[in-house]
Each structure stands twice: as structure tokens, then as C-alpha cells.
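We name chains A, B, ... by the order of the sequence lines, and we start the count at 1 in each one.
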2 protein chains.
Amino acid sequence: MCELLGMSANVPTDICFSFTGFLHRGGGTGPHRDGWGIAFYEAGGYRDFRDPHPSVRSPIARLICDYPIKSHIVISHIRQANVGEVRLANTHPFTREMWGQTWCYAHNGQLEGWASLPLSFYRPVGDTDSEHAFCWLMGELRRHFPEPPPQDEREALWRQLHRLCERLRGLGVFNLLLADGDYLYTYCSTKLAHITRRAPFGKAELSDAELTVNFAEHTTPDDIVSVVATEPLTSNEEWVRMQPGELLVWRQGKILARYAAA
Amino acid sequence: MCELLGMSANVPTDICFSFTGFLHRGGGTGPHRDGWGIAFYEAGGYRDFRDPHPSVRSPIARLICDYPIKSHIVISHIRQANVGEVRLANTHPFTREMWGQTWCYAHNGQLEGWASLPLSFYRPVGDTDSEHAFCWLMGELRRHFPEPPPQDEREALWRQLHRLCERLRGLGVFNLLLADGDYLYTYCSTKLAHITRRAPFGKAELSDAELTVNFAEHTTPDDIVSVVATEPLTSNEEWVRMQPGELLVWRQGKILARYAAA
């Protein structure tokens, strides 16, 4: 099983604390040794860092911890390969451009019968079930919405996304983090938990590494920062577990919409 | 003016030596302070590192120098902004997926009337002339070749690419590095020079930094490594300057095809 980590915040925020715990699962406390990646949406752009080597030993992962990149959306993934060999082309997150936006995707789980999902605009570069499902998902969204829906019709897009996720859940396990630069979408098939931190900020202790942070020292009273992960990352806070079939739409740290299993 | 650096090699090769000289031009010996990026095609994958800050002070650029990534194609770019503000979305190289391949693009120069180049499959995320021209170029290629041409009809694709480059040269200055994972394409509008190193390997001295390398110590007799740059990077070797309107197609360090100005 792979591990997912996502963040949505209303101010540019670094993910160093959560990422430190998360990457210990990449060959440290967890069995996820087959590569890792992290994507940042920063003011005016997107970039990702991917490495097909275990995250605990990766110099690029250490750089991410030491060189805080402030971002309002983050998607990260640690891989334990099941479909597709261990190589860079199979390392999440995957990206495609649609409507002049960079869409970023990471998947946890395993699908059956995925190879027959029909592709249109987008084709996989690697050979994982995950990237094939991503290309199908994006192709279906683009087919339904050749142009981006106006702001007040966004819910039609989100409902369509939920339907597509439900269809993928029918093929196996499909826990998803997806983002387009404005919104973070999290969909739970079996395992995803989230927490929203806002004033008054307190201390948090990592479960996977000996590290405590006092968020009060790093935030302003208006900050809202939400973190989503396969398993709760801290031992002294209350995380909310998502329900199977549930899609959450996040913006600036807040849940904008929720779609329950059909 | 921005600076371009490309590599094509028949064995996975690190670009640390050339990149060290190149990144000194990013706020060091050169005026190109508005961001930089480097893209690697490695066995089975693609990744890029981009930073909207000057390359000489970038911790990510230092990582690239210290952590040799072995690759058979590299494209790098240092930016001096003219069209589009300094931000991550405007930082080269740009990428799009076509036919299940990651295409990577970096441009040096400035175009006029670029905003009226019609777009189809691909749309820019940032607001530079460069990315608009890239989206137009890729859209035109895809329109002519909805499916990838078979290996023995690749020349039709290259001729079409040359025609499109010539059209862009008609709009201003268009020096180009483009790659699809198999081939590196270099097109000269005003300034591009290249060198091919093969046995017997000798020493090379950087023009922009005090560094000499003895390639004989880092290579095997069968290695063929070609480097393409806006200006020659070494002071003791003979670089070949490309002609205006010339397109070169590289694979595994060698020139496969050459198209001269129409």
C-alpha cells in the first residue's frame, strides 16, 4: 500500500513538519520503499520533485525538509509498487494540463480491469494502473467539459468527478488526491484522514519521528491549514476519518463541498 | 536574452560539469537572474527542477551539481524575463504529454504577434510568449499526427517540426531545445553552438567558472556525449555554431538529421 499526504491552506504554508513524519514511512517506519514524490502549487505556478528511490535516504527529500517551499496546495505520495516496475515514469504524482491549469494526481490502492478504461486526450507515459486511471479520469472530465465551467457552475464538475471516482472504486481500491491549483480534491475508498488547524494553534507530535512543533509560533491568527493523509500523522490530535465513497472539495484550508457514496 | 543548455548522450551521463558553468550565467557572469530550470530524461522517466530565483544562489541548483543525475537527454534554461513576470509558471522548461511521451521545451528569444497563434489541445498555464508558442507547436504537431508516426516515417514529423520552427522564426527570435524522451531537437534562430565529445576524450576548461574536467577519467571508449548551448561553455574546445533556420535531430549523442533554412 502506498501512502498519501495532501495540504490545503489559505496562506502559503510549508509542509516540512508533516512531510518529515510522512517520509519516515518511505523505507523508515513503513514498507514504502519504491519511490516518492511531492508537488507544490505556489503563487503563480506548479512544481514537483520525484525520486524513484526510498524517501528516507533521498537527498532530494532532505532538500524539501531543509528548504521550506511555501505553498497553498501540496500533494505527496510514497510508493510501494504493485502494478508497474520501480522507475521514474511510474512515480507519483502525475500531472497533465487541462484548460491551462496543471492538474496533479496521486493514487493509493490497486485496480482491476483498469486497462480497458478508454483513453482519449491523455495517455500514460508509464505502465501503472494509477496513471492509466488518471488519464481516463482527465479525459472523461475534458469530454464532459471541453471548456472550464464558470465559477458558479463548478458543482457540476465536482459531481461528475465524484461519479468518475465512484466508478474507479468499483474496480478496487481508489484513494485519491487531485488538485488543479485552486482546489484540492480528496476521495476516500478505504483510508484517508484529515485535520484542520486554525487559531488557537497548539502543539503537535509526529507519530513516526521524534518531532514536536508548536504551530502557534509559525502562524498568524487567520491561518487555516488542513492536512489529509492515509493515516493520521500526529499522536496528540484528533483526525477525522473519511468515509468510503466520500469526495471532499477543499479550498484555502476549508471544505467547500462534500459528496457521499451513491 | 535567456540561455539554453542541452545534452544528448548514448549512455546515461551527468551534466554537472556543463551545468556548473551554465548556472554561473544565472546571476553570476550573466544577467539571467529571473529563474532557471533543468529537465532530465532518465531510463524510464522524466523529471524537472525549476526555480524562479537566480540559479547561482539556488539550493536546488546546488543539489543538481552535488547529486549527479545520469540522463541521456537534458534540457536546461536560465531566464531573463521579457514577456511575462518572474514566477514559477513562467519558468522554463515547459512540458506537455503527447502520444504517451513527455515533451519538454525551452526557448530563447522574443516573438511578436505570438498571441494570435491559434491553440487547440494545449493551453498555456503562464503568460509568456514562449509557452504560448510551445502550446501552438505541440497542437500543430498533434493535429498533423494524431497518432505517433511509425519509426520509418519519423522524417515527416521532423520536416513538419522544421516548418513550424521556421514559422516561429518569422515572428522574431526563436532558438529552441525540444525533446520527447528519444530525440533531442535543436533549432537555431540566432545563437546555438554544439560540441560532440567521444574517444579519445580530453580535458575541458569552463569559460564561466574555474573548473577543468578530464573526461577520460569519467567515460568509456564507446561514450558519445553532445552538448548544445547558446554560447560555447568551454574555452579550449572547438564548438560548431548552428546556422539561422537550421534544425538538428539528435539521438544518443549523434546528429540523425539536419534541415537547413527554407
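Neither the backbone nor the side chain of B:Leu119 comes within less than 4.5 Å of any heavy atom of chain A. B:Pro59 touches chain A through backbone and side chain together, each having a heavy atom under 4.5 Å away. Contacts between B:Gln101 and chain A at a heavy-atom distance below 4.5 Å involve the backbone alone (N, CA, C, O).
Side-chain atoms of B:Arg50 come within 3.5 Å of backbone N or O of A:Tyr46 as a donor-acceptor pair.
At a threshold of 4.0 Å, the pair A:Arg47-B:Asp51 counts as salt-bridged, since one of the basic side-chain nitrogens sits closer than that to a carboxylate oxygen.
Applying the 6.0 Å contact sphere to CZ of A:Arg142 captures more than 12 heavy atoms from other residues, nucleotides or ligands. For B:Arg154, the CZ atom counts as densely surrounded, since its 6.0 Å shell holds more than 12 non-hydrogen atoms of other residues, nucleotides or ligands.
Counting heavy-atom pairs under 4.5 Å between each of B:Gly100, B:Ala89, B:Gly181 and chain A puts B:Gly100 at the top. In terms of heavy-atom pairs under 4.5 angstrom with chain A, the leader among B:Glu97, B:Glu42, B:Arg87 is B:Glu97.
How far CE of A:Met98 is from CZ of B:Arg123: 10.5 Å, rounded to the nearest 0.5 Å.
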Margin query: Between A:Leu88 and B:Phe40, is the side chain to side chain contact (heavy atoms under 4.5 Å, CB included) condition met? List the steps.
Written below: CA-CA 11 Å; A:Leu88 191 55; B:Phe40 300 91; over 6 Å; no
Next item on the list: Using the side chain to side chain contact (heavy atoms under 4.5 Å, CB included) rule, take B:Leu63 and A:Tyr67 through it: C-alpha gap first, then chi angles, then the decisive distance, then the call.
Entry: CA-CA 11 Å; B:Leu63 175 87; A:Tyr67 175 58; over 6 Å; no
